[in-house]
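Have a look at the structure below before the remarks.
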Amino acid sequence: MLFKARILDGIARAEIDLAFRRWSSPAVKEGTLLRTSVGAIVIGKVTPIEIDGLTAEEAKRAGFKDVTALVNDLRTGEERTVFRIELAGVEPDDRIGRQNQELTKAEAADLVALLARWDKNAPTAHYYMRILRLICERPGIAAIDLATSLGVEKLKFKRDVRKLKELGLTISLDIGYRLSPKGERVLEEIR
């Protein structure tokens, strides 16, 4: 579940506490944490609703000027159900602390060994290490361009970068990525 930047800003300011999506089945459930650039958004109740029942107040709470603007923003597909998603707050993203974590030489070596294990199932040799090098050399470059450089599909590349982010090695930018201090340390260990 993705949010536009203006919606994320409203969630961070506690001005937006609802979201609406049109799905075949719910993509999130109550208690889910969605990691975003403003922190981990806590998902509250997820309820199927009738689109005709939307109110002006709900549209405003979702960051829209009126119901028409909200409905126009929903995915098309009449066979899909509209879900009302309560946003129960924003928690600090624990990856931020991991990104700035000081590493001992042994911890850096352990991460390098983990990446080597992941590389055994990767599409090319030294795949994850190549991702780190590429991000280091080309910070702020769009994911599609980085993926093309590696010869993989954009969605696969983005999933793989998220795995590195979970380890605290990369930081997402508005466009592209950069290495975290921890990622820079691991890359030094690889060299």
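All of these numbers come straight from a predicted model, not from anything done at the bench.
Linking ILVMFWY residues whenever their side-chain heavy atoms come closer than 4.5 Å, directly or via other members, places Leu8 and Leu87 in the same cluster. Put simply, Leu18 and Leu33 are part of two different groups of oily side chains (I, L, V, M, F, W, Y) that touch within less than 4.5 Å, one to the next. Note on Ile141: it clusters hydrophobically with Tyr177, by side-chain heavy-atom contacts below 4.5 Å among ILVMFWY residues. Ile51 and Trp23 fall into different hydrophobic clusters, where Ile, Leu, Val, Met, Phe, Trp and Tyr residues are linked whenever their side-chain heavy atoms come under 4.5 Å apart, directly or through other members. No single ILVMFWY cluster, assembled from side-chain heavy atoms under 4.5 Å apart, contains both Ile43 and Val82.
Other residues, nucleotides and ligands contribute over 12 non-hydrogen atoms within 6.0 Å of the CG atom of Leu173. For Lys156, the NZ atom counts as densely surrounded, since its 6.0 Å shell holds more than 12 non-hydrogen atoms of other residues, nucleotides or ligands. Around CD of Glu15, the count of heavy atoms belonging to other residues, nucleotides or ligands within 6.0 Å exceeds 12.
Atom-to-atom distance recorded for Ser25:OG and Arg80:CZ is 9.5 Å, nearest 0.5 angstrom. Separating the CD1 atom in Ile144 from the CD atom in Glu153 is a distance of 9.0 Å, to the nearest 0.5 Å. Atom CD of Glu79 sits about 8.0 Å away from atom OG1 of Thr76, to the nearest 0.5 Å.
With sequence neighbours left out, Glu137 forms a side-chain hydrogen bond (donor to acceptor under 3.5 Å, both in side chains) with no residue at all.
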Given Thr124 and Arg130, is the side-chain hydrogen bond (donor to acceptor under 3.5 Å, both in side chains) satisfied, shown in steps?
CA-CA 9 Å; Thr124 60; Arg130 287 176 58 210; 2.9 Å; yes
Are Arg138 and Asp145 close enough, and set up right, to give a side chain to side chain contact (heavy atoms under 4.5 Å, CB included), and what steps lead you there?
CA-CA 10 Å; Arg138 300 177 68 194; Asp145 296 327; 4.3 Å; yes
Would you please test Lys182 and Leu111 for side chain to side chain contact (heavy atoms under 4.5 Å, CB included) and show each step?
CA-CA 10 Å; Lys182 184 176 178 181; Leu111 283 169; 3.6 Å; yes
Might you work through the side chain to side chain contact (heavy atoms under 4.5 Å, CB included) test for Val42 and Val90, ending with a clear yes or no?
CA-CA 6 Å; Val42 181; Val90 180; over 6 Å; no
Intermediate values then yes/no, side chain to side chain contact (heavy atoms under 4.5 Å, CB included), Val38 and Phe3:
CA-CA 11 Å; Val38 299; Phe3 293 99; over 6 Å; no
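Side-chain contact check for Arg162 and Ser172: no donor-acceptor pair (N or O, by modelled atom type) lies under 3.5 Å.
Side-chain contact between Arg21 and Ile85 is present, with at least one heavy-atom pair separated by less than 4.5 Å. Between Leu169 and Leu179 the shortest side-chain heavy-atom distance does not fall below 4.5 Å. Two residues are said to be in side-chain contact when any heavy atoms from C-beta on lie closer than 4.5 Å; Ile49 and Phe83 fail this criterion. Using a 4.5 Å heavy-atom cutoff, the side chains of Thr36 and Ile11 are not in contact. Residues Leu34 and Leu2 fail the side-chain proximity criterion, which asks for heavy atoms closer than 4.5 Å. Ile171 is not listed as a side-chain neighbour of Lys165, based on a closest heavy-atom distance of 4.5 Å or more.
Heavy-atom minimum distance, Thr81 versus Pro48: CG2-CB, 3.7 Å. The heavy-atom pair separating Val112 from Met129 by the smallest distance is O-CE, 3.5 Å. Minimum interatomic distance between Pro139 and Arg178 (heavy atoms only, all atoms of both residues): CB-CB, 4.1 Å. When all heavy atoms of Phe157 and Ala143 are compared, the closest pair comes out as CD2-O, 3.9 Å.
Within the 3.5 Å criterion, the main-chain N or O of Gly168 finds a donor-acceptor partner in the side chain of Ser180. Thr32 contributes no side-chain N or O that, together with a main-chain N or O of Val28, makes up a donor-acceptor pair within less than 3.5 Å.
With salt bridges taken as basic N to acidic carboxylate O contacts below 4.0 Å, one links Glu166 and Arg35.
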Side chains of residues 58-73: which donor-acceptor partners sit under 3.5 Å, not counting sequence neighbours?
{"from": "Glu58", "atom 1": "OE1", "to": "Thr55", "atom 2": "N", "distance (Å)": "3.0"}
{"from": "Glu58", "atom 1": "OE1", "to": "Thr55", "atom 2": "OG1", "distance (Å)": "3.4"}
{"from": "Glu58", "atom 1": "OE2", "to": "Arg84", "atom 2": "NE", "distance (Å)": "2.9"}
{"from": "Arg61", "atom 1": "NE", "to": "Asp17", "atom 2": "OD1", "distance (Å)": "2.9"}
{"from": "Arg61", "atom 1": "NH2", "to": "Asp17", "atom 2": "OD1", "distance (Å)": "3.4"}
{"from": "Arg61", "atom 1": "NH2", "to": "Asp17", "atom 2": "OD2", "distance (Å)": "3.2"}
{"from": "Asp66", "atom 1": "OD1", "to": "Thr68", "atom 2": "N", "distance (Å)": "3.2"}
{"from": "Asp66", "atom 1": "OD1", "to": "Ala69", "atom 2": "N", "distance (Å)": "2.8"}
{"from": "Asn72", "atom 1": "ND2", "to": "Thr68", "atom 2": "O", "distance (Å)": "3.3"}
{"from": "Asp73", "atom 1": "OD1", "to": "Lys4", "atom 2": "NZ", "distance (Å)": "2.7"}

List, one per line, each side-chain donor-acceptor pair under 3.5 Å for residues 113-123, sequence neighbours excluded.
{"from": "Asp119", "atom 1": "OD1", "to": "Tyr127", "atom 2": "N", "distance (Å)": "3.1"}
{"from": "Asp119", "atom 1": "OD1", "to": "Tyr128", "atom 2": "N", "distance (Å)": "2.8"}

